[in-house]
Amino acid sequence: MLAELRGLNEECGVFGIWGNPSPAHLSYYGLHALQHRGQEGAGIVVSDGQHLRAVKGEGLVNDVFNEEKLKAVNGKAAIAHVRYTTAGGGGIENVQPLLFHSSTGSLSIAHNGNLVNATHLKQYLERQGSIFHSSSDTEVLAHLIKKSSHSPFRAKVKNALSLLKGAYSFLIMTKDEMLVARDPHGLRPLSLGKLGDGWVVASETCAFDLIGAEFVRSVEPGELLIINDEGVKSDRFADMNKRAMCAMEYVYLARPDSDIDGINVHMARKRMGKQLARECAHIEADVVTGVPDSSISAAIGFAEESGIPYELGLIKNRYVGRTFIQPTQELRERGVKMKLSPVVQVVKGKRVVMVDDSIVRGTTSRRIVKMLKDAGAAEVHVVISSPPMTDPCYYGIDTSTHEELIASSHNVDEIRDAIGADSLTFLSVEGMVETIARPYEDENRGLCLACFTGKYPTEIFPDTILPHEKELLR
């Protein structure tokens, strides 16, 4: 779906490489593969074994980097980041990886996710004398590491990570090593790969495919990897809690050619589409079409299961940037038409099944339904390959209030009327869980379903420093 119009965006993607003579250039390609995870800023920090050097900027990967900039920061290792502005807001000071210099050495951090206790940790640290240079929740970790009295450095990191709550995949680099950490629930994806004699880490495996790296395994929840010139060592900073991978990674966020915890995203979406067709077998239609790009796999699955032919009824214009998004209603309507166009000969006079991955506010769905009907569609039946999003996400997707979610205050019939569809069907929670088919036996098959059920895997917005945390902070 048109994420930039509807307000469903993932916060960022991370990439790291150790033990390669061209880390900056390979990071550039890795970020290209992860561009869908963030379009508002990109950065690379490189280690040459003695110093850490950064190049970063606001905008797309192609806009931020060029050959001259990449050559200026070459070395043997790098961490890199693409960002979508959610927690902490925009500005160059929030573009990651963040880089810190001190008398004891330099440190760089890249983060995918969102810390739900960042505010109260930041307030505590400020009372202890810390001064923050960005509004990003990521900077909290740097201050916790610096404040820790533990030794060696990896013990400081483990101590600091033990204080964090929420979703996170962290890459932490010094001149000597790279530390990789995934939160105890595994809310955000993170994978380890091999490239020659070096090691690669990325939010999604599609980044490995682009640079020719071999997938090794997923980073385990609560695991800390230490990567240096000696190789990779595995440690733990926390016991693994109940697995809770974000279901929206499979529904919408990840690229279809990525594998997340052993599950191919495209195949999972096809299975969701097939299940959706089984759950709304009553619909009679002439053609199935998907809203580009993330809904195409589910639309193919729906068509295969239902026997209704799949067609490209909607075409995405890939050469339109984000600059058309304007505050007036008229310009927003025009923006949708610039970004997405109906194929009139496919939909005219037809009963159309429009497959989409989710409905957030409902405004974009309403515009697309209207566009199809203006193009001559006789009926538009909207089917959604996920359940209604009734509750906010606090883990890195920018739907942080109930007011942003139409399903929070409207039932299915009311949403159908609001978007102007002839019918509206959402995939059931049970159908989604079973068709994603993660290989775990607990009730949710290792998925976080909080935005559909309101049941969060972590506590949300704790407002005090707990006694045991005070001890850890000393």
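Taking CG from L164 and CG from N117, the interatomic distance works out to 6.0 Å, rounded to the nearest 0.5 Å.
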Run the side chain to side chain contact (heavy atoms under 4.5 Å, CB included) test on L312 and V346 for me, step by step, so that the C-alpha distance in whole Å, both residues' side-chain angles and the decisive distance to 0.1 Å come before the verdict. CA-CA 7 Å; L312 286 175; V346 169; 5.9 Å; no
Under the side chain to side chain contact (heavy atoms under 4.5 Å, CB included) criterion, do I359 and L424 qualify, and how do the steps go? CA-CA 11 Å; I359 293 180; L424 171 63; 4.0 Å; yes
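Looking at S386, its side chain does come within 3.5 Å of a backbone N or O of D357 through a donor-acceptor pair.
Atom CD of Q345 has 12 or fewer heavy atoms from other residues, nucleotides or ligands within 6.0 Å.
Under the rule for a side chain to side chain contact (heavy atoms under 4.5 Å, CB included), the partners of K146 that lie at least two apart in sequence or sit in another chain are S102, T104. Under the side chain to side chain contact (heavy atoms under 4.5 Å, CB included) criterion, E379 pairs with R351, H381, D422, sequence neighbours left out. Qualifying side chain to side chain contact (heavy atoms under 4.5 Å, CB included) partners for I296, counting only residues two or more places apart in sequence or in other chains: I300, Y310. Evaluation of the side chain to side chain contact (heavy atoms under 4.5 Å, CB included) rule for T425 yields L276, C280, H282, I283, V383 as partners, not counting sequence neighbours.
Under the ring-ring contact (aromatic ring centres under 6.0 Å, His included) criterion, the residue pairs touching residues 419-458 are Y394-Y456, with sequence neighbours excluded. Listed by first and then second residue, the salt bridge (Lys or Arg N to Asp or Glu O under 4.0 Å) pairs involving residues 115-126 amount to none (not counting sequence neighbours).
The salt bridge (charged side-chain N to carboxylate O under 4.0 Å, His left out) test with E204 singles out one residue from R188, R37, R255, and that residue is R37.
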